[in-house]
2 protein chains.
Amino acid sequence: MKYLTNEEMLNAAIWEAKMGHAEGGVPIGGAIFDSEGNLLGAGHNRRVQENDPSIHGETDAFRKAGRQKTYRDKILVTTLAPCWYCSGLIKQFKFGKVIVGESVTFQGGVEWLRESGIEVIDMHSKECIDLLQDFIHHHPEIWNEDIGE
Amino acid sequence: MKYLTNEEMLNAAIWEAKMGHAEGGVPIGGAIFDSEGNLLGAGHNRRVQENDPSIHGETDAFRKAGRQKTYRDKILVTTLAPCWYCSGLIKQFKFGKVIVGESVTFQGGVEWLRESGIEVIDMHSKECIDLLQDFIHHHPEIWNEDIGE
């Protein structure tokens with residue numbers, strides 16, 4: 001069994017975000033682990049790369065993890081507080097725990113998830129903040145499109 | 001310009017649900033129209049067909065419709081009241097109007113969307129109810145998996 005720290009799990013999502021950045025896309029990444037620290041799936045936003053608005057970091061990781069009998073014992077990690085779309089995913093499938101890189105740039109549904117009884121841990125990661133805010137500074141129109149503004 | 005009635009728009013989603021049924025999958029379909037009645041995208045649940053839990057009728061239609069500058073003037077049509085995952089999608093991207101085939105089998109986030117100021121029209125379609133309830137009767141385990149139970 002390989003137990004991972006929250007920081008180590010967040011690093012998987014940050015790595016995905018960096019790949020997204022290198023591809024010219026929105027640098028937000030996600031990953032899903034089981035309770036023993038096994039990585040089930042990881043992914044990143046690919047709105048730009050594939051012209052696909054449905055692929056957020058969280059939904060990509062969810063797809064990559066494949067069908068699961070339950071998500072209550074799974075951990076979803078994301079570099080940014082999940083938007084309503086991804087918060088709805090977390091609520092519907094009853095993820096037990098969510099690790100968020102940062103919630104400064106965007107707050108999404110974090111409080112709503114907490115009110116629903118889901119554990120949300122905010123890592124206050126400067127690396128996550130800097131990565132996304134640099135992208136928003138250079139591509140504000142893509143960011144606004146990604147959050148439906 | 002080709003204006004369509006709510007029934008005509010719902011029929012596009014029902015057609016998708018029937019294709020899903022013919023493929024052995026969860027028979028839920030979705031479609032997105034612009035305000036003039038142009039079909040921008042349509043799709044259906046493909047959890048079974050592609051082993052992909054991220055493809056619900058609504059998210060598939062959203063993907064097929066491609067990137068849009070705004071969704072405020074778009075109409076999302078679905079054979080079943082949207083689950084939290086799809087309700088979150090609707091809220092995040094600020095769809096102006098949602099047409100729901102039925103909300104008897106499942107209520108999802110319909111009231112939450114209405115409280116958010118989104119117009120939700122329930123068509124009380126017996127055809128939608130029968131199509132899904134027949135599937136649930138024969139495949140209760142797949143249905144429960146699809147809603148995270």
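Everything numeric here is computed off the predicted structure, so don't read it as measured data. Chain A is the first sequence line, chain B the second, and so forth, proteins listed ahead of strands; every chain is numbered from 1. Worth knowing before you read on, the calculation uses all heavy atoms, side chains too, and leaves out hydrogens, waters and symmetry mates.
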Q: Given side chains that start at C-beta, do those of A/Trp84 and B/Trp84 come closer than 4.5 Å, heavy atoms only?
A: no
Q: Decide whether A/Leu80 and A/Ile121 are clustered together by the hydrophobic rule: side chain heavy atoms of Ile, Leu, Val, Met, Phe, Trp, Tyr closer than 4.5 Å, transitively.
A: no
Q: Quick check on the hydrophobic clustering: are B/Leu10 and B/Leu76 connected, directly or via other members, by side-chain heavy-atom contacts under 4.5 Å?
A: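 Shared cluster, no.
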Q: Surrounding NZ of B/Lys94 (heavy atoms of other residues, nucleotides or ligands, distance under 6.0 Å), is the total greater than 12?
A: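 Yes, because the 6.0 Å sphere around NZ of B/Lys94 holds more than 12 heavy atoms from other groups.
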Q: Between A/Asp146 and chain B, which part of the residue has a heavy atom less than 4.5 Å away: side chain, backbone, both or neither?
A: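 For A/Asp146, the backbone is the part near chain B, not the side chain.
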Q: Over 60° means perpendicular and under 30° means parallel, so tell me whether A/Tyr85 and B/Tyr85 are parallel, tilted or perpendicular.
A: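 Rings of A/Tyr85 and B/Tyr85: parallel, under 30°.
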Q: If two hydrophobic side chains count as joined below 4.5 Å and joins carry through other members, does B/Leu113 share a cluster with B/Val100?
A: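 B/Leu113 and B/Val100: one cluster.
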Q: Could you tell me which residues satisfy ring-ring contact (aromatic ring centres under 6.0 Å, His included) with B/His139, sequence neighbours excluded, listed by chain and number?
A: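 Residues passing ring-ring contact (aromatic ring centres under 6.0 Å, His included) with B/His139: B/Phe135.
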Q: Tell me whether A/Phe106 shares a hydrophobic cluster with A/Ile28, the cluster being built from Ile, Leu, Val, Met, Phe, Trp, Tyr side chains joined at under 4.5 Å.
A: yes
Q: Taking atom NZ of B/Lys91 and atom OG of A/Ser87, what is their separation to the nearest 0.5 Å?
A: 10.5 Å
Q: Can you tell me how far the CD atom of B/Glu149 sits from the OG1 atom of A/Thr70, to the nearest 0.5 Å?
A: 9.5 Å
Q: Give the minimum heavy-atom separation between A/Arg67 and B/Ile142, together with the two atoms involved.
A: NH2-CG1, 4.5 Å
Q: Is there a path of hydrophobic side-chain contacts, each under 4.5 Å between heavy atoms of I, L, V, M, F, W or Y residues, that connects A/Ile14 with A/Val77?
A: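 Hydrophobic grouping puts A/Ile14 with A/Val77.
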Q: Listed by residue number, which members of residues 44-64 of chain A have a heavy atom under 4.5 Å from any heavy atom of chain B?
A: A/Arg47, A/Val48, A/Asn51, A/Asp52, A/Pro53, A/Ser54, A/His56, A/Thr59, A/Phe62, A/Arg63
Q: Under a 4.5 Å heavy-atom cut-off, does chain B meet the side chain of A/Glu141, its backbone, both or neither?
A: neither
Q: Can you find a heavy atom in the side chain of A/Glu145 that is under 4.5 Å from one in the side chain of B/Gln68?
A: no
